[in-house]
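See below for the structure under consideration.
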Amino acid sequence: WSLWGEGGIIDLEGNRVGREAQGSSWTSPREIDLDGGHLRWKRFSTDAPQTVNGSAGLLDLFMKLSSASDTEILSFARTYGAVTLCDEHRLPITHSMMTTGDFEDASPSCTLLGGPNPYISTEWYRTSALWFRSVLNIAALLHQGKAGHHAEWSVVYPSNAGLDDAAYDAAWGKRRLSTEEVVEIERELLATVLDHWLRLAGVRLRFSWTAVRPEFGIAPMSLFGHLIATLVFAVTRSDGLAFCSACGRAYVPKRRPVAGRRHYCSEADCQKASRRDAQRDARERRARRINSESVGQSDIYERKRDRDN
């Protein structure tokens, strides 16, 4: 926690890592059992799956599983859902949906691990939780202008992962580069890793239009997608994505955007638009207030005239 605090990754208001991906929800089987180091459930159960909503602090709870017992992992899965893997690649099944391009496809191109009776090892949870912790440890150091530790990089990006030789050598200190050069390379490398996992986790853009105004954001499709999105928000030290009301481009805000209000990025033209829109809003509020006061005075005059008559 001290390292994450120094790196600005902890949400100081809630004393937890990052902000949650807003509006996240996914389905989970109602019955999950523990069987010899594996979580098992039935894909086609008579009971309808339960809907799980992303909650505050879920990433923290997940990372604690790095040293959890099988029973503790079972309890987590029963509360927040199980991660479904594909049989061919042992990756979250959402990576297969990304390949087909059909987010609503109930039958992804890869087969489920376990078929009609999916399962996942409890060790997968421990290993993945350690990976998340290592990503945050590296990010916290990079935010301070320091290189990540070898032990953390060996977890996040092992040597057999197809990493470019020059970047790999720099990340592990095998070449005589300055600290600034190594940090720059590692930042690019970590960005590549997280971007890769955002795609595999099926985190997509979402558009909605409520009675207030249209909204554009991200929509994780699963528990794993929610965790990856929250991890990225933590690494960027942001409250999520916002879309500039002036230029329309996505940007990382310093504070959580307020629904129903305009948001502006830091571009000079967009800041001018922000001031211009604020002045227009002020004029409209003043006009409404004057009109309201005029109506009020008119009502008083009418009531007085009625009494006099």
Side-chain angles (χ1 to χ4, degrees), residues 1 3-4 9-11 13-87 89-95 112-137 152 155-156 197-198 200-203 219-235:
W1 283 91
L3 175 60
W4 296 344
I9 286 175
I10 292 178
D11 167 26
E13 294 180 3
N15 196 30
R16 61 178 182 267
V17 176
R19 295 282 191 179
E20 301 300 321
Q22 298 299 300
S24 297
S25 64
W26 54 91
T27 58
S28 171
R30 292 187 179 276
E31 295 185 7
I32 303 176
D33 298 314
L34 181 61
D35 179 21
H38 292 84
L39 304 181
R40 296 183 182 274
W41 63 96
K42 294 183 181 299
R43 184 183 180 192
F44 304 106
S45 174
T46 55
D47 296 327
Q50 61 181 338
T51 299
V52 181
N53 296 313
S55 58
L58 183 52
L59 178 59
D60 299 89
L61 294 175
F62 180 77
M63 290 190 295
K64 291 179 180 178
L65 299 181
S66 60
S67 58
S69 65
D70 286 356
T71 304
E72 291 170 328
I73 293 174
L74 173 64
S75 177
F76 176 91
R78 284 177 171 174
T79 304
Y80 300 106
V83 177
T84 305
L85 304 181
C86 80
D87 189 33
H89 310 100
R90 304 300 168 97
L91 291 171
I93 197 64
T94 47
H95 92 279
L112 299 180
L113 179 62
N117 301 301
Y119 67 89
I120 185 173
S121 70
T122 52
E123 189 59 31
W124 183 93
Y125 282 81
R126 297 188 189 94
T127 302
S128 298
L130 179 61
W131 184 88
F132 275 74
R133 295 182 70 89
S134 295
V135 167
L136 289 178
N137 288 340
E152 308 288 1
V155 172
V156 172
W197 278 105
L198 280 171
L200 294 188
V203 179
M221 301 169 57
S222 63
L223 165 64
F224 189 72
H226 175 87
L227 292 170
I228 287 291
T230 307
L231 176 69
V232 170
F233 289 159
V235 170

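Keep in mind it's a predicted model, so treat the numbers as computed, not measured.
What you find for Asp70 and Gly37 is that their closest heavy atoms are OD2-CA, 3.7 Å. The two residues Ile73 and Leu65 have their closest heavy-atom pair at CG1-CD2, 4.2 Å. Nearest heavy atom pair, residue Ala129 against residue Ser66, reads CB-N, 3.5 Å. Here the closest heavy-atom approach between residue Val135 and residue Val235 is recorded as CG1-CG2, 4.1 Å. The minimum heavy-atom distance between Val156 and Ser134, with the atom names listed, is CG2-CB, 3.6 Å. Here the shortest heavy-atom pairing between Ala201 and Ile228 reads CB-CG1, 4.0 Å.
Between the NE2 atom of His95 and the CZ atom of Arg90 there is a distance of 12.0 Å, given to the nearest 0.5 Å. To the nearest 0.5 Å, atom CG of residue Asp87 and atom CG of residue Leu112 are 9.0 Å apart. Rounded to the nearest 0.5 Å, atoms CG (Leu113) and CG (Leu91) are 11.5 Å apart.
Take Arg30 and apply the salt bridge (charged side-chain N to carboxylate O under 4.0 Å, His left out) test, not counting sequence neighbours, and it matches no residue. For Ser69, the side chain to side chain donor-acceptor pair (under 3.5 Å) criterion is met by Glu72, not counting sequence neighbours. A search for ring-ring contact (aromatic ring centres under 6.0 Å, His included) contacts involving Tyr125 returns nothing, not counting sequence neighbours. Residues meeting the side chain to side chain contact (heavy atoms under 4.5 Å, CB included) test with Arg40, sequence neighbours left out: Asp35, His38, Tyr119. Remark: Ser28 pairs with no residue by the side chain to side chain donor-acceptor pair (under 3.5 Å) rule, at least two apart or across chains.
Taking the six-membered ring where tryptophan is involved, the planes of Phe62 and Phe76 are tilted, since the angle between them lies from 30° to 60°.
Residue pairs that meet the salt bridge (charged side-chain N to carboxylate O under 4.0 Å, His left out) test with at least one member in residues 73-86, sequence neighbours left out, are Asp33-Arg78.
The shortest side-chain heavy-atom distance between Met63 and Leu136 falls under the 4.5 Å cut-off. In this structure, the side chains of Arg126 and Leu130 stay at 4.5 Å or more apart for every pair of heavy atoms. Using a 4.5 Å cut-off on side-chain heavy atoms (C-beta onward), Leu223 and Leu58 make contact. Side-chain contact between Leu39 and Leu34 is present, with at least one heavy-atom pair separated by less than 4.5 Å. Between Leu231 and Trp131 the shortest side-chain heavy-atom distance falls below 4.5 Å. Two residues are said to be in side-chain contact when any heavy atoms from C-beta on lie closer than 4.5 Å; Trp26 and Thr51 fail this criterion. With a 4.5 Å cut-off on side-chain heavy atoms, Pro92 and Leu85 count as touching. Two residues are said to be in side-chain contact when any heavy atoms from C-beta on lie closer than 4.5 Å; Val155 and Arg133 fail this criterion.
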